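Read through the structure below, which is laid out as structure tokens, and then see the notes.
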Amino acid sequence: MRVGVAIFPGSNGDHDALYALGETLGQDAEPVWHTERDVSRYDLVVLPGGFSYGDYLRCGAIARFTPVMDAIRRYAEAGGWVLGICNGFQVLAEAHLLPGALIRNDSRAFSCRYVHTRLESSTCALLNGIPEGTVWRLPIAHGEGRYYADTATLEKLHNNRQIVLTYTNAEGKPEPGANPNGSSHDIAGICNAVGNVLGLMPHPERAAEALLGEDDGADFLRGVIHAWQASQSSSVSRRLSAV
């Protein structure tokens, strides 16, 4: 799987993503500078965590105007897979590739801790094949990670099965205190209507080796790789059956 990791001035999760996907999971991962205008050569584009452009104005507000985001928009519209992590999720929301917004945590404080996230029944292609209810223990590090959307948008997300991840306890159950930032409906991650763009606030790439204290993130990213491999096998089968 060929993976491009977008890098903006201020990104700080780019090398984590490159290492987790490349060194740990053995994929062909390479950096993509913010001035790049074509990402069509990749099977997956990752928007990493960090503080793009210093989070001036608001998180992701400046990064959305970069040339690489124009390329990623075209790529996504053509069906390419996009994964936005933390600041990457914020950039995707600012670029209107995902609905809603990420706003200041309800505590008004930066939150850096481990959380549990449950996989919901969704249309997300990137996690296709992973059993509903799977729970991952992943770290978060954000001050503006509270997912917010109006009532109509939240209803649409539910009806279209675009809510991919929710904050829960270790058993996958909603619990007071499990939601670290006040996100609407305990949302930790969503996808677009088609299912090829996924944004989440937790950092799987920072929990990809047991040596670092947790490897649930490797399982999460491995699930993305397996979903892509399965999609390629299915595509080949469809082409062969049409011959």
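Please read these numbers as outputs of a predicted model, since none were measured by experiment.
- Smallest separation of non-hydrogen atoms from Ala208 and Ala218: O-CB, 3.4 Å.
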Are Leu21 and Val224 close enough, and set up right, to give a side chain to side chain contact (heavy atoms under 4.5 Å, CB included), and what steps lead you there?
CA-CA 10 Å; Leu21 286 159; Val224 176; over 6 Å; no
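- For Gly100 against Ala149, the heavy-atom pair with the smallest separation is CA-CB, 4.2 Å.
- Heavy-atom neighbours of Glu155 CD from other residues, nucleotides or ligands within 6.0 Å: at or below the threshold of 12.
- Environment of CZ in Arg58: sparse, with no more than 12 heavy atoms of neighbouring residues, nucleotides or ligands closer than 6.0 Å.
- Note that OG of Ser122 is 8.0 Å distant from CG of Leu165, once rounded to the nearest 0.5 Å.
- To the nearest 0.5 Å, atoms CG (Leu44) and CG (Leu126) are separated by 6.5 Å.
- Partners of Arg37 under the salt bridge (charged side-chain N to carboxylate O under 4.0 Å, His left out) rule, at least two apart in sequence or in another chain, do not exist in this structure.
- The aromatic rings of Phe220 and Trp136 sit perpendicular to each other, their planes meeting at more than 60°, with 30° as the lower class boundary.
- Looking at Asn192 and Leu92, their side chains never come closer than 4.5 Å, going by heavy atoms from C-beta outward.
- The shortest distance between side-chain heavy atoms of His226 and Gln229 falls below 4.5 Å.
- Hydrophobic clustering (side-chain heavy atoms under 4.5 Å, transitive across Ile, Leu, Val, Met, Phe, Trp, Tyr) keeps Val5 apart from Val68.
- Between Met69 and Glu94, every side-chain heavy-atom pair lies at or beyond the 4.5 Å cut-off.
- A salt bridge does not link Arg146 to Asp106: none of the charged side-chain nitrogens sits closer than 4.0 Å to a carboxylate oxygen.
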Decide yes or no on side chain to side chain contact (heavy atoms under 4.5 Å, CB included) for Tyr147 and Ile163, but give the supporting numbers first.
CA-CA 11 Å; Tyr147 181 78; Ile163 297 175; over 6 Å; no
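- Hydrophobic clustering (side-chain heavy atoms under 4.5 Å, transitive across Ile, Leu, Val, Met, Phe, Trp, Tyr) keeps Tyr148 apart from Phe89.
- Note that CD of Glu214 and CG of Leu212 are 10.0 Å apart. Values are rounded to the nearest 0.5 Å.
- Hydrophobic clustering of Ile, Leu, Val, Met, Phe, Trp and Tyr side chains at less than 4.5 Å, counting indirect connections, unites Leu25 with Ile130.
- Looking at every heavy atom in both residues, Ile190 comes nearest to Pro99 through CD1-O, 3.5 Å.
- Between the side chain of Gln90 and the main chain of Glu144, a donor-acceptor pair closer than 3.5 Å is present.
- Defined by atom type and a distance below 3.5 Å, a donor-acceptor pair is present between the side-chain atoms of His142 and Asn181.
- Annotation for Ala210 and Asp215: closest pair N-CB, 3.6 Å, computed over non-hydrogen atoms.
- Around the NE2 atom of His34, the shell of radius 6.0 Å holds more than 12 heavy atoms that belong to other residues, nucleotides or ligands.
- No donor-acceptor distance shorter than 3.5 angstrom exists from the side chain of Ser11 to the backbone of Ser52, with no hydrogens or angles considered.
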Show the numbers, then the answer: is there a salt bridge (charged side-chain N to carboxylate O under 4.0 Å, His left out) between Asp216 and Arg137?
CA-CA 6 Å; Asp216 273 13; Arg137 182 175 181 265; over 6 Å; no
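- Side-chain atoms of Tyr19 and Glu209, non-hydrogen and from C-beta on, do get closer than 4.5 Å to each other.
- Of the inter-residue distances, the one linking His185 atom NE2 with Leu154 atom CG reads 4.5 Å to the nearest 0.5 angstrom.
- Counting heavy atoms from C-beta outward, Arg113 and Ile140 have side chains that approach closer than 4.5 Å.
- Val82 and Ile187 fall within the same hydrophobic cluster, where Ile, Leu, Val, Met, Phe, Trp and Tyr residues are linked whenever their side-chain heavy atoms come under 4.5 Å apart, directly or through other members.
- Atom OH of Tyr56 has 12 or fewer heavy atoms from other residues, nucleotides or ligands within 6.0 Å.
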Candidate pair Leu200 and Leu83, rule side chain to side chain contact (heavy atoms under 4.5 Å, CB included), full reasoning
CA-CA 8 Å; Leu200 71 158; Leu83 173 63; 3.5 Å; yes
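- Residues meeting the salt bridge (charged side-chain N to carboxylate O under 4.0 Å, His left out) test with Arg161, sequence neighbours left out: none.
- Hydrophobic clustering, with ILVMFWY side chains joined whenever heavy atoms are under 4.5 angstrom apart, keeps Ile85 apart from Ile7.
- The side-chain heavy atoms of Glu171 and His116, taken from C-beta on, include no pair separated by under 4.5 Å.
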Before giving the answer on side chain to side chain contact (heavy atoms under 4.5 Å, CB included), spell out for Val164 and Leu127 the whole-Å C-alpha distance, their side-chain angles and the decisive distance to 0.1 Å.
CA-CA 9 Å; Val164 181; Leu127 297 174; 3.8 Å; yes
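- Summarising the geometry of Pro31 relative to Leu18, their closest heavy-atom pair is N-CD2, 3.7 Å, with the distance given to 0.1 Å.
- Leu98 approaches Val197 most closely through the heavy-atom pair CD2-O, 3.7 Å.
- To the nearest 0.5 Å, the span separating CD on Glu120 from OG1 on Thr166 amounts to 3.5 Å.
- The structure places CG of Asn105 at 8.0 Å from OG of Ser183, a figure rounded to the nearest 0.5 Å.
- At least one side-chain heavy atom of Cys191 sits under 4.5 Å from a side-chain heavy atom of Thr123.
- Taking the side chain as every heavy atom from C-beta outward, Cys59 and Asn87 approach each other to under 4.5 Å.
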